Amino acid sequence: MSDYLNELNPEQREAVLHVTGPLMIIAGAGSGKTKVLTTRIAHLMASGVDSFRILALTFTNKAAKEMKERVEKILGNNESRNLYIGTFHSVFARILRAEASKVGYPTSFTIYDTDDAKSVLKTVINELHLDDKIYKPSTVYGRISSAKNALVTAEDYANDYALQQEDARANRPAISQIYTAYAKRCFKNGAMDFDDLLLQFYLILKNHPDALHKYQHKFNYIMIDEYQDTNPAQYEIIKLLGAAHENICVVGDDAQSIYGFRGATIENILLFRKDYDDVKLVKLEQNYRSTKQILQVANEVIGNNKGQIEKQLWTENGEGEKIKLVRTMTDNDEGKFIADSIQEQKLRNHYFNKEFAILYRTNAQSRAFEEALRRMNLPYTIFGGISFYQRKEIKDYIAYLRVIVNSQDEEALKRIINYPIRGIGKTSLDKLILVANEQNISFWEVLTKASSFGFRAGTLEAIEQFVTMIKSFTSMLKNNNAYDVAFHVGKQTGLVKELFNDKSTEGVQRFENVQELLNSIKEWVDDKQNRAQIDEDGVVMQEEQAPFDAENSQPKSDVDFSENSLQDAIPNRPLREDVLLSAYLQQISLLTDSDQKDESADTIKMMTIHAAKGLEFSCVFAVGLEEMLFPNAMSINSREELEEERRLFYVVITRAKQRLWITYANTRYKFGQVVQNEPSRFINELPEDAIDKSFAGGGFRNQTGGPSASDRMRGWGGQGTATTGQKTYYTEPKKQPEQPGYLPINPSPNKPIVHQPSADFVASDTTDLKAGQRVEHQKFGFGEVLKMEGAAHNPIATIKFELNGEKKIMLNYAKLRIIS
DNA sequence: CGACTGAGTCGGTGG
DNA sequence: GACTCAGTCG
């Protein structure tokens, strides 16, 4: 049991053995930080600390999951399930569910993601008759988010003279007004945005001594991962929670602080020692990840930043290869170069696909790599960008579920009120919203009382049907699990069928996505039900491992799980609260793309540098090292921001275990236009002796039929010092021939196949149209009426066209010729 | 009412 | 280049 200590170096052991009182661990990249954290938790438990009393907060679900698994492995028992391990947001969301009433929120409050929040802002800005060109939702969102992260409520904001002045100078004097209206609207909707999860929890702790007392004594030991990324809200919460016992252990690396834009302040880690008396400080400086060459480059680069905590990373690993600096003509050439290099490395050094990562500054850069890898038939996974839950069809489906759980959720209601089409269009919607505002009641209330607000008969009928349907769903909530409700909803609303009937390429994809959503809900429920009953009080943070695996579209098996020997499945167990729809919704809103995709698959990984923090790869391509891109144009105007960009560069370098390429292009496309960029200033900070400026390719011929590698001009530039001169990796700008079976291009699958109307085409009177009749449509051609629906004054026919598949046709507008 | 189209916009990183 | 939005037409 105690051999876990033998696997640690002296500093690591020192950190693990410090049990009582504040502890700060400065953990350099690759220094075994997670190992120390997990061993420390295991040690606490082995020393008799009750596992229910330990709280560990991380920034990603993945980190939380890994910690939990590793503790379990060390201890070899089930005790770790009692730990409170999770992300700040998910742990706080869970606690808020229990405490929401203290801030006037319903227990099953909705969590708004960024898109939802911006949508609310847009509504609010319009209602205040403000110009949404000046008050762009994303800009305003950023401002409000910063305020919340600094624990400034709407009221505080309105009373803060300095903030008003700032906004006035920025020509946005109404921000405060918008913030107030936004907060009010979210509250009315029973919804919290991401920042509210911190702010509201803070307010509860601050204003409710009983709650503070409760959680202070629940969490006797607190551990914080990535402390350098905490913002003031997180900082204050930690401080409050830890004040009673001061058993706070923070782990971080000031050199890897890269989240300033979401309010993280590096001061939190720099000043930790001032916050508590007798802070024990441990530095982990031995790196177990990278080669000496890589580490030398990293140290050199970060040395250009001022005001760091003194430390020097070192390693016993081998010297390794020099870092390869690559310059290409265009962003597409950059992609081709990397695809070639990967292919070559695989052949020469027998790497797996999963040992490569392409790491970029912005998500938009992924496309060139995607195309290049596809051309070479190299499998890849992109992390980030639009996640599964942001897809329209998924958001629509989930909007139904949200409305059922929380009918006050106006955002969700607006999404589904006319989806599938039920004849409540924009005009009706505007009126509904208007009434809600005039009467100062919720959108839902207007719907339920629609008859008193003078809607047209057809619209009223549609509204009433909708309300009845939603109510019938709501009545299912208590006695059915999330999956059963969701399945029923898909069926009853016609949502699934509608998608099924759409046979376009995208339509099929959408249908599959919805299938996938349902599968994932099913697995989530099964997973929960399989877990043994545990102590009520300890309803553990089970960071739901993503039930959904976007890449393989295969349901994940429970193999993982059995290893944890958690299951003593009780058949027909009564419905537990944690399989309810509300619990499901709560957690999915906090999942990220990385949580949903399988990182262990043998594919090349592509993601932003931000998303790559905490990960490591044998071979790393740090790409797009160009002025305006990296460092980003937005960040070159202040020393602080520039230093954060440099830390980002440091982070990407230290992701590499064995080989590192740093690439940049002379020109690249931005918004469809070619722009020319200077090489990044960071390139000049690389130590000459660790950099290989000669070419790293060599003899490899690609298989795509384009110019072979050796035909290309290629090489290294930038410094102009290389004796070989400024060669560049370059391909002729001519298009490569399209390959069959590849990039399946169907430019507009939704475009109807055009039908030439018959010469004698005359629109018929369709008032008595019935299912089974044959008709001709001016554009869609011949077809058969499958069914009739809609109100009498606005009949809708579903017609199956020979050329264009099933379509819903509104008879008031379409010209149809009845044939039989 | 809603599908289509052309013009305008997108500043970057994420829970 | 991809997406959103306002205006048009069936």
Side-chain angles (χ1 to χ4, degrees), chain A residues 57-61 86-93 111-114 117 122 132-133 136-139 142 145 148-149 192-198 226 229 231 233-234 258-264 331 359-365 367-368 383-387 392 418-419 421-429 456 458-459 462 589-595 607-613 624 628-635 641 644-645 647-648 651 668-674 748 750-752 763 777-780 790-791 793-796 807-816:
Chain A
L57 296 173
T58 66
F59 276 86
T60 65
N61 291 305
T87 64
F88 281 91
H89 288 87
S90 66
V91 168
F92 295 172
I111 298 174
Y112 278 164
D113 67 18
T114 314
K122 204 178 160 190
D132 62 4
K133 294 281 183 297
K136 280 184 258 182
S138 51
T139 313
S145 177
K148 287 185 179 175
N149 285 329
M192 297 197 197
D193 64 23
F194 287 138
D195 304 310
D196 281 326
L197 296 177
L198 309 183
E226 309 278 15
D229 289 333
N231 62 37
Q234 290 158 330
I258 55 173
Y259 282 103
F261 70 92
R262 66 179 190 206
D331 46 354
L359 306 178
Y360 34 76
R361 177 68 239 273
T362 68
N363 281 308
Q365 287 166 259
R367 223 198 41 228
F383 290 81
I386 358 144
S387 88
K392 188 187 173 298
N418 198 30
Y419 177 77
I421 293 166
R422 50 175 70 85
I424 307 174
K426 196 176 179 313
T427 319
S428 307
L429 181 62
R456 278 166 39 189
T459 312
S589 45
L590 298 171
L591 287 180
T592 67
D593 208 35
S594 305
D595 299 322
M607 65 191 89
T608 62
I609 300 169
H610 283 92
K613 193 160 77 145
M628 313 306 277
L629 184 61
F630 192 11
N632 195 270
M634 319 248 46
S635 307
E641 287 177 302
E644 181 152 316
E645 295 282 311
R647 291 193 292 271
L648 206 47
V651 167
R668 69 174 59 243
Y669 277 90
K670 195 180 183 190
F671 301 140
Q673 287 202 312
V674 179
S748 41
N750 281 328
K751 277 244 171 77
H777 185 277
Q778 225 176 359
K779 231 185 338 193
F780 300 141
H793 68 92
N794 184 25
I796 301 168
K807 297 220 179 289
K808 290 194 171 187
I809 304 289
M810 304 184 78
L811 298 183
N812 286 358
Y813 303 100
K815 290 195 172 67
L816 285 179

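Please read all numbers here as calculations on a predicted model, not as lab measurements. When reading the values below, keep in mind they use all heavy atoms of this one structure, side chains included, and skip hydrogens, waters and symmetry mates. Letters A, B, ... mirror the listed sequences (proteins, then strands); counts begin at 1.
- Between A:K136 and B:dG11 there is no side-chain N or O to OP1 or OP2 distance below 4.0 Å.
- Between A:F88 and A:F59, the ring-plane angle classifies as tilted under the 30° and 60° cut-offs.
- In this entry the distance linking CD of A:Q365 with P of C:dG1 reads 17 Å, nearest Å.
- In this structure, A:Y669 reaches neither bases nor backbone, as no heavy-atom distance under 4.0 Å exists between it and the strands shown.
- Looking at the side chain of A:F671, the nearest of the listed nucleotides B:dG2, B:dG12, B:dT13 is B:dG12.
- What separates CD1 of A:I386 from P of B:dG14 is a distance of 13 Å, to the nearest Å.
- Panel note: side chain A:Q673, backbone A:K670; no donor-acceptor pair is recorded below 3.5 Å.
- Distance CZ (A:R668) to C1' (C:dG1): 14 Å, rounded to an integer number of Å.
- Of the side-chain N and O atoms in A:T608, one or more sit less than 4.0 angstrom from OP1 or OP2 of B:dG14.
- To the nearest angstrom, P of B:dG15 lies 13 Å from CG of A:N231.
- Residue A:K613 is classed as having no contact, given no heavy-atom separation below 4.0 Å to the nucleic acid.
- For B:dG11, there is no paired nucleotide, since no Watson-Crick or G-U wobble pair has both relevant distances below 3.5 Å.
- In terms of modelled atom types and a separation under 3.5 Å, the side chain of A:D193 and the main chain of A:S145 share no donor-acceptor contact.
- Distance alone, capped at 3.5 Å, is enough to place a donor-acceptor pair between the A:H610 side chain and the A:I258 backbone.
- Distance CZ (A:R367) to C1' (C:dA2): 9 Å, rounded to an integer number of Å.
- One donor-acceptor pair, N or O on each side, does fall under 3.5 Å between the base of B:dG12 and the side chain of A:E645.
- For a distance-only test at 3.5 Å, the side chain of A:R361 qualifies as a donor-acceptor partner of the base of B:dT13.
- Atoms CD (A:Q234) and C1' (B:dG14) sit 12 Å apart, rounded to a whole Å.
- Summary of the strand contacts: A:S589 and A:A633 both lie near DNA chain B, and taking for each the nucleotide with the nearest heavy atom, the more 5' one is attributed to A:A633.
- Comparing B:dT13, B:dG11, C:dG1 against the side chain of A:M634 picks out B:dG11 as the nearest.
- A:E645 places a side-chain N or O within 3.5 Å of a backbone atom of A:N632 that can act as its donor or acceptor partner.
- For B:dT13, one of the phosphate oxygens OP1 or OP2 lies less than 4.0 angstrom from a side-chain nitrogen or oxygen of A:N363.
- With B:dC1, B:dG14, B:dG12 as the candidates, the nucleotide lying closest to the side chain of A:R262 is B:dG14.
- B:dT13 has no base stacking with the ring of A:Y259 when judged by centroids under 5.5 angstrom apart and an interplanar angle below 30°.
- At the heavy-atom level, A:F59 lies under 4.0 Å from the strands shown only through sugar-phosphate atoms.
- Residue A:N632 has its side chain nearest to B:dG12 when only B:dG15, B:dG12, B:dA3 are considered.
- Summary of the strand contacts: A:G672 and A:K122 both lie near DNA chain C, and taking for each the nucleotide with the nearest heavy atom, the more 5' one is attributed to A:G672.
- Between the side chain of A:S635 and the base of B:dG12, at least one donor-acceptor pair of N or O atoms lies under 3.5 Å.
- Computed from coordinates, the A:D132 CG to C:dA6 P distance equals 8 Å when rounded to whole Å.
- One interatomic measurement links the two molecules: CD1 of A:I609 to P of B:dG12, which rounds to 15 Å at whole-angstrom precision.
- Distances shown here put every side-chain N or O of A:N149 at or beyond 4.0 Å from the OP1 or OP2 atom of B:dG15.
- Contacts of A:S428 with the nucleic acid, taken as non-hydrogen atoms under 4.0 Å apart, involve only primed sugar atoms and P, OP1 or OP2.
- With B:dT9, C:dG1, B:dG14 as the candidates, the nucleotide lying closest to the side chain of A:K133 is B:dT9.
- Checked by distance alone, A:D195 brings a side-chain donor or acceptor within 3.5 Å of a matching partner on the base of B:dG15.
- In the set B:dT13, B:dC1, B:dA3, B:dA3 carries the atom at the smallest distance from any side-chain atom of A:I421.
- In plain terms, the two heavy atoms of A:F630 and A:G624 that are nearest each other are CB-O, 3.5 Å.
- Nearest heavy-atom pair across A:G263 and A:N231 is O-CB, 3.1 Å.
- Relative to the side chain of A:H610, the nucleotides B:dT13, C:dG1, B:dG2 differ in distance, and B:dT13 lies closest.
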